[in-house]
Amino acid sequence: MLAKQTPLTKQMLSELLRASSSKTKQLKKIHAVVIRTGFSEKNSLLTQLLENLVLVGDMCYARQVFDEMHKPRIFLWNTLFKGYVRNQLPFESVLLYKKMRDLGVRPDEFTYPFVVKAISQLGVLPCGVSLHAHVVKNGFECLGIVATELVMMYMKFSELSSAEFLFESMQVKDLVAWNAFIAVCVQTGNSAIALEYFNKMSADAVQFDSFTVVSMLSACGQLGSLEIGEEIYDRARKEEIDCNIIVENARLDMHLKCGSTEAARVLFDEMKQRNVVSWSTMIVGYAMNGDSREALALFTMMQNEGLRPNYVTFLGVLSACSHAGLVNEGKRYFSLMVRSNDKNLEPRKEHYACMVDLLGRSGLLEEAYEFIKKMPVEPDTGIWGALLGACAVHRDMILGQKVADVLVETAPDIGSYHVLLSNIYAAAGKWDCVDKVRGKMRKLGTKKVAAYSSIEFDGKIHFFNRGDKSHPQSKVIYEKLDEILKKIRNMGYVPDTGSVFHDVEMEEKECSLSHHSEKLAIAFGLINGRVGHPIRVMKNLRTCDDCHVFSKFVSRLTSREIIMRDKNRFHHFRNGICSCKEFW
DNA sequence: GTAGGGTTAG
């Protein structure tokens, strides 16, 4: 109709497209008009339309437009690849790549970064390896951007040696390549490697920037290396690197992840600029450190300042309630989310898992189970896992078995679920059932995660496994440990051999309880740490009841503060008392 | 014209 009444020029349609760039409905109308026109420039209008659709994220429609085009140029293929990557549709990307090859269309240097990223998202290593071969065959392996994407892909696949080899063999490594590598190391939990490469970067005289600093602060938070992190931050200041709000947030988070809550609060109060991430970081940090009241007070303050919380803020609030056993408050905050009518605040699976954790931890196991059954979302392993954890704490074998059955069925390769069930049986003295679980794990080939603890000293991170004797100071460490154990026994410490282990791996009988990795790390800290400074120990799994009691005694005996971060939360031991009280 | 890097949660 429109076209008949007033002849539209190409320019007019182009203008219309620009004006409607974010409105899918209008885009569709314009598309219909374009299709009816006989413009020779039809393809250029369709190109513009395709770009807009990719931007809006309507990939189905974008594909339809693409398929209608006659012999689309490589730029258009790339536009579609970009859309698939941005909208996390890796499978579509791979199919498109296959189609491209089948049609004999040659990918160019812009194509590969998108396709490599898609394979990263897809998470299938053999596809990545074969794509790498294509890259080499087409002669694009020397391109810095393609190589950077490949390095990141291998790192995401946990192929550390391939990633490092590829990165090392890059002939020209600019700052972005370094930053990408360091960032992906941190994102994949390889912060010690990130630190190693940060040092290499300095050795190679590559000047870092604020991106590097953020990744490194995040790495130091993961490693619990407050001193190294602060050193890097100070260097950044001295070298006049722009310490924007992202850097400041990362620094705040590092302090909180190192258990340094008081210092973090000072930083937070002094921040010139604060956004929702700053507030959420602080609330989540307080919750992790067991300062639930502070977390909730901050949430109220945030609301009073008229700042909109996001879903992460609520995760912090709910976990604060959970750690403090504040069931009613938790329920109230959860209903606040439900009633908010804000699409961005609709409870997600993680929030449901938090609620299950809150109810379960407080001993309301049946209510937690009912809650799961009534949920409007399909429960995932995180939600069932929270209930299983609660069953382990409260030693509920009947429900524990039921939940573990579901979990082992859906995720047979995750060791911690088997371990939790086995701990429930062990606590009930059902050793035959414990053996059955172990047998099943062997049969399924389920891998146990080895427990380790780490502690920073003299700019280095020292790692300890259980019963570890590989440390150069090993002899002195064991002597120190024996000395402490003797002293605290006199104070009333009794090794808790019947303790309920959380998701730490099963203890072999021959391995002594007294040589758990966190005990070795604490002994190391007592030998080397400065008097008056807290001993910060990081543990990759949850700490056991016995190590918890041990740490309380040691903090009293030595008058040293021990800050222990385990997989879930912090324990601040001061003068024989732990901040986590009975809820952990 | 198109391609690689950062903060809370998981």
Side-chain angles (χ1 to χ4, degrees), chain A residues 44 47-48 50-51 54-55 73-83 85-86 107-118 120 140 143-153 155 167 170 172-187 189 194 201 208-219 221 236 241-257 264 268 271 274-288 295 309-319 348-351 353-354 380-383 385 567:
Chain A
S44 79
T47 299
Q48 202 181 337
L50 186 71
E51 280 187 87
V54 161
L55 223 67
R73 289 171 301 128
I74 186 69
F75 169 71
L76 292 163
W77 288 86
N78 293 343
T79 307
L80 205 58
F81 278 122
K82 177 165 76 180
V85 165
R86 289 211 180 150
D108 67 0
E109 73 263 41
F110 298 104
T111 317
Y112 279 112
F114 292 130
V115 185
V116 175
K117 193 161 246 171
S120 272
F140 291 125
L143 274 172
I145 296 170
V146 178
T148 307
E149 279 293 3
L150 282 167
V151 167
M152 293 179 75
M153 177 191 80
M155 207 67 198
F167 182 69
M170 275 173 77
V172 184
K173 288 195 278 278
D174 63 6
L175 180 59
V176 180
W178 279 96
N179 284 346
F181 184 61
I182 288 176
V184 77
C185 285
V186 181
Q187 283 156 12
M201 200 176 168
F208 61 84
D209 68 358
S210 66
F211 282 75
T212 333
V213 177
V214 171
S215 289
M216 287 319 297
L217 293 177
S218 175
I241 282 160
D242 169 36
C243 288
N244 54 28
I245 189 160
I246 302 179
V247 175
E248 295 302 338
N249 285 343
R251 186 181 178 208
L252 188 68
D253 181 56
M254 174 188 72
H255 273 272
L256 291 160
K257 288 220 168 79
F268 179 78
M271 274 171 92
R274 281 189 288 254
N275 59 15
V276 65
V277 176
S278 329
W279 285 88
S280 305
T281 302
M282 202 64 214
I283 290 170
V284 170
Y286 269 139
M288 272 196 322
N310 65 14
Y311 74 100
V312 181
T313 326
F314 271 102
L315 281 177
V317 168
L318 293 176
S319 86
R348 305 183 183 193
K349 288 196 175 169
E350 300 96 300
H351 299 101
C354 260
D380 62 356
T381 50
I383 293 170
K567 200 178 157 198

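Reminder, nothing fancy here: chain letters follow the sequence lines and each chain counts from 1. Note: hydrogens, waters and symmetry copies are ignored here, and every other heavy atom, side chains too, is used.
Picking from dT7(B), dG4(B), dT2(B) the nucleotide with the shortest atom distance to the side chain of V214(A) gives dT7(B). In the set dA3(B), dT8(B), dG10(B), the nucleotide with an atom closest to the side chain of E350(A) is dG10(B). Here the nucleotide nearest the side chain of K82(A), chosen from dG4(B), dG6(B), dT2(B), is dT2(B). With dT2(B), dG6(B), dT7(B) as the candidates, the nucleotide lying closest to the side chain of A250(A) is dT7(B). When distances are taken from the side chain of L315(A) to each of dG1(B), dA9(B), dT8(B), the shortest belongs to dA9(B). Of the candidate nucleotides dG6(B), dT7(B), dG1(B), dT7(B) has the atom nearest to the side chain of N249(A). Listed candidates were dG6(B), dG4(B), dA3(B). Nearest to the side chain of F110(A) is dA3(B).
Heavy atoms of L256(A) sit nowhere under 4.0 angstrom from any nucleic acid atom. Here K349(A) lies out of heavy-atom contact (under 4.0 Å) with every strand. Nucleic acid contact class of T47(A) (heavy atoms, under 4.0 Å, all strands): base. Residue V213(A) is classed as having no contact, given no heavy-atom separation below 4.0 Å to the nucleic acid. As judged by a 4.0 angstrom heavy-atom cut-off over every strand, T79(A) is placed among residues making no nucleic acid contact. Heavy atoms of V284(A) sit under 4.0 angstrom from primed sugar atoms or phosphate atoms, though from no base atom. Contact annotation for S210(A): base contact, defined as any heavy-atom pair under 4.0 Å involving a base atom. Residue F114(A) is in sugar-phosphate contact alone, with no base atom involved, counting any heavy-atom pair closer than 4.0 Å across all strands shown. Across all strands shown, A183(A) has heavy atoms under 4.0 Å from sugar-phosphate atoms exclusively, and none from any base. Base engagement by D174(A) is indicated by at least one non-hydrogen atom pair under 4.0 Å involving a base atom.
Computed from coordinates, the F314(A) CZ to dG10(B) C1' distance equals 18 Å when rounded to whole Å. Separating the CG atom of L50(A) from the P atom of dT2(B) is a distance of 15 Å, rounded to the nearest angstrom. Per the geometry, CD belonging to E248(A) stands 11 Å off C1' belonging to dT7(B), to the nearest Å. Whole-Å rounding puts the Y311(A) OH to dT7(B) P distance at 12 Å. Taking atom CG of residue D253(A) and atom C1' of nucleotide dG10(B), one finds them 14 Å apart after rounding to whole Å. Counting to the nearest Å, the P atom of dG4(B) and the CG atom of L150(A) are 14 Å from each other. Summarising the geometry, the separation between CD on Q187(A) and P on dA9(B) is reported as 13 Å, rounded to the nearest angstrom.
By the 30° and 60° cut-offs, the orientation of the rings of Y112(A) relative to F140(A) is tilted.
With sequence neighbours left out, D209(A) forms a side-chain hydrogen bond (donor to acceptor under 3.5 Å, both in side chains) with N179(A), T212(A). In this structure D174(A) satisfies the side chain to side chain contact (heavy atoms under 4.5 Å, CB included) test together with V176(A), A177(A), sequence neighbours excluded.
The phosphate of dA9(B) has OP1 or OP2 within less than 4.0 Å of a side-chain N or O from K257(A). For Q48(A), no side-chain nitrogen or oxygen approaches OP1 or OP2 of dG1(B) to under 4.0 Å.
To the nearest 0.5 angstrom, I245(A) atom CD1 is 3.5 Å from N275(A) atom CG. Atoms OG and NE2, on S319(A) and H351(A) in that order, are 10.0 Å from each other to the nearest 0.5 Å.
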**Request:** In sequence, state the C-alpha distance, the side-chain angles, and the governing distance for F208(A) and W178(A), and then conclude on ring-ring contact (aromatic ring centres under 6.0 Å, His included).
**Result:** CA-CA 9 Å; F208(A) 61 84; W178(A) 279 96; over 10 Å; no

